[in-house]
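Report on the structure given below.
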Amino acid sequence: MAAAAQTAATFLSFLSSSHHHTAPSSSVSFLATPVLPASVRAAAAGAPTLTSRCRGRRIAAAVAQLPTKNPELASGEKKIRWSSRAVRSFAMAELEARKMRYPTTGTEGLLMGILVEGTSGAAKLMRANGISLLTVRDAAAEVLGKSEMFYFSPMHPPLTESAQKALDQAVNEKLKTGEDGEVTANHLFLAIWSDKESAGHKVLASLGFDDQKASLLAKTADEEAAMGPR
């Protein structure tokens, strides 16, 4: 019995020694702390805000880099700005071109990008007339043909001549108003429709879109910025 008692005492002494107990105890007490230090809470709370701000800077950079090439009209002192909706639509257009396994981003891709972004007046007008992402994809395959199954598009499929023309025409339409503001996804849509030889125009026409419906959007093309968050 004396030997057993001595063994038990030695074991308890071993468990209570600082070398084996301090680190686990410290770890458990940190995890169990019901309230984090103020500095940690502030950092955690600030993280989403910082991410959001950084994301905003990336969007601003993308606006400046949207590949407008040769607008017919000189902007003079007016600064050309693309709306966030237009920028997101362009980014989605590249993605849709890759999904279709096309080597370029054409006007049909720009239409798909506008539909994927989904919040512009152009997107709402298309949906109101029964034009969806799936119907545009199917019509594009009819107009342009299907790509090879094992072809992989580049990360940023280059613009077709018609798509580049649509971007430039969208800027021209905005400049013709003589007003400050942004070039919107609505301007881009109307520019696509105005080029009767473009794949985008042919896709829209095959789905029942016409000039009368386009005129409804033309009246409010500049109002995109007032439609809630951009």
Side-chain angles (χ1 to χ4, degrees), residues 55 58-72 80-120 122-123 125-127 129-174 182-210 214 217 224:
R55 187 179 298 116
R58 288 198 294 272
I59 290 175
V63 171
Q65 295 169 7
L66 205 63
T68 303
K69 192 174 182 180
N70 294 309
E72 294 175 3
I80 300 302
R81 303 188 308 275
W82 288 87
S83 72
S84 296
R85 286 189 178 98
V87 173
R88 289 194 297 267
S89 296
F90 182 83
M92 292 300 101
E94 290 188 328
L95 181 59
E96 289 303 312
R98 295 184 68 202
K99 288 181 179 179
M100 296 284 288
R101 298 183 185 275
Y102 285 158
T104 54
T105 301
T107 49
E108 75 292 337
L110 294 176
L111 289 178
M112 287 185 272
I114 291 172
L115 281 165
V116 172
E117 194 281 328
T119 66
S120 66
L125 179 64
M126 283 192 278
R127 290 198 300 270
N129 286 278
I131 300 174
S132 67
L133 178 61
L134 292 178
T135 60
V136 170
R137 280 178 180 169
D138 290 342
E142 290 291 327
V143 171
L144 299 174
K146 294 182 179 180
S147 61
E148 295 182 12
M149 181 178 296
F150 298 105
Y151 175 79
F152 291 95
S153 301
M155 183 65 69
H156 299 286
L159 291 171
T160 63
E161 183 178 346
S162 293
Q164 183 66 71
K165 181 179 177 182
L167 288 175
D168 294 341
Q169 182 61 26
V171 174
N172 291 334
E173 289 303 318
K174 177 60 185 175
E182 297 174 323
V183 183
T184 68
N186 300 334
H187 291 121
L188 182 57
F189 176 87
L190 292 171
I192 294 169
W193 176 249
S194 69
D195 184 0
K196 298 185 184 301
E197 298 303 316
S198 69
H201 180 98
K202 294 175 182 178
V203 165
L204 289 171
S206 72
L207 296 174
F209 199 80
D210 55 33
L217 183 64
E224 182 182 271

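Values in this document were obtained by computation on a predicted structure and should not be read as measured data. Side chains included, hydrogens not; waters and symmetry mates left out as well; all remaining heavy atoms used.
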**Report entry** For Thr135 against Gly130, the heavy-atom pair lying closest together
**Finding:** OG1-O, 4.1 Å
**Report entry** Which residues share a side chain to side chain contact (heavy atoms under 4.5 Å, CB included) with Ala191, sequence neighbours left out
**Finding:** Ala166, Gln169, Ala170
Report task. May I ask you to test the Ile131-Val136 pair for a side-chain heavy-atom distance under 4.5 Å? Result -> yes
Report task. State, with a plain yes or no, whether a side-chain heavy atom of Leu190 is found less than 4.5 Å away from one of Glu173. Result -> no
Query raised in the report: How many angstroms lie between CZ in Arg137 and OG in Ser132, if you round to the nearest 0.5 Å?
Result: 9.5 Å
Query raised in the report: Does any N or O in the side chain of Arg85 come within less than 3.5 Å of the main-chain N or O of Ala185, such that one atom is a donor and the other an acceptor?
Result: no
Report task. Kindly state each residue pair satisfying side-chain hydrogen bond (donor to acceptor under 3.5 Å, both in side chains) with at least one member in residues 192-204, sequence neighbours excluded. Result -> Trp193-Asp211
Query raised in the report: Residues two or more places apart in sequence or in another chain: which of them pass side-chain hydrogen bond (donor to acceptor under 3.5 Å, both in side chains) with Lys99?
Result: Glu96
Query raised in the report: Going from CG on Leu95 to NE2 on His156, what distance comes out if it is rounded to the nearest 0.5 angstrom?
Result: 11.0 Å
Between side-chain atoms of residues 102-112 and protein atoms elsewhere (two or more places apart, or another chain), which donor-acceptor pairs fall under 3.5 Å?
| residue | atom | partner | partner atom | Å |
| --- | --- | --- | --- | --- |
| Tyr102 | OH | Gly145 | O | 2.9 |
| Thr105 | OG1 | Pro157 | O | 3.0 |
| Thr107 | OG1 | Ala199 | N | 3.4 |
| Thr107 | OG1 | Gly200 | N | 2.7 |

Query raised in the report: Residues two or more places apart in sequence or in another chain: which of them pass salt bridge (Lys or Arg N to Asp or Glu O under 4.0 Å) with Glu94?
Result: none
Query raised in the report: When rounded to the nearest 0.5 angstrom, what is the spacing between CZ in Arg127 and CG in Leu133?
Result: 11.0 Å
Query raised in the report: Any side-chain heavy atom of Trp82 within less than 4.5 Å of one from Glu182?
Result: no
Query raised in the report: Just how far is it from atom CG of Leu217 to atom OG of Ser120, taken to the nearest 0.5 Å?
Result: 8.0 Å
Report task. Search all heavy atoms of Ile114 against all heavy atoms of Phe189 and return the closest pair with its distance. Result -> CD1-CB, 4.0 Å
Report task. Take Met100 and Lys146 through the test side chain to side chain contact (heavy atoms under 4.5 Å, CB included) and record every step on the way to the result. Result -> CA-CA 8 Å; Met100 296 284 288; Lys146 294 182 179 180; over 6 Å; no
Report task. Tell me, please, which residues at least two apart from Asn129 pass side chain to side chain contact (heavy atoms under 4.5 Å, CB included). Result -> Leu125, Lys213
**Report entry** Side chain proximity check, Leu188 to Phe90, heavy atoms < 4.5 angstrom
**Finding:** no
Report summary line: Tightest non-hydrogen contact, residues Ala122 and Asn186, listed as N-OD1, 2.8 Å
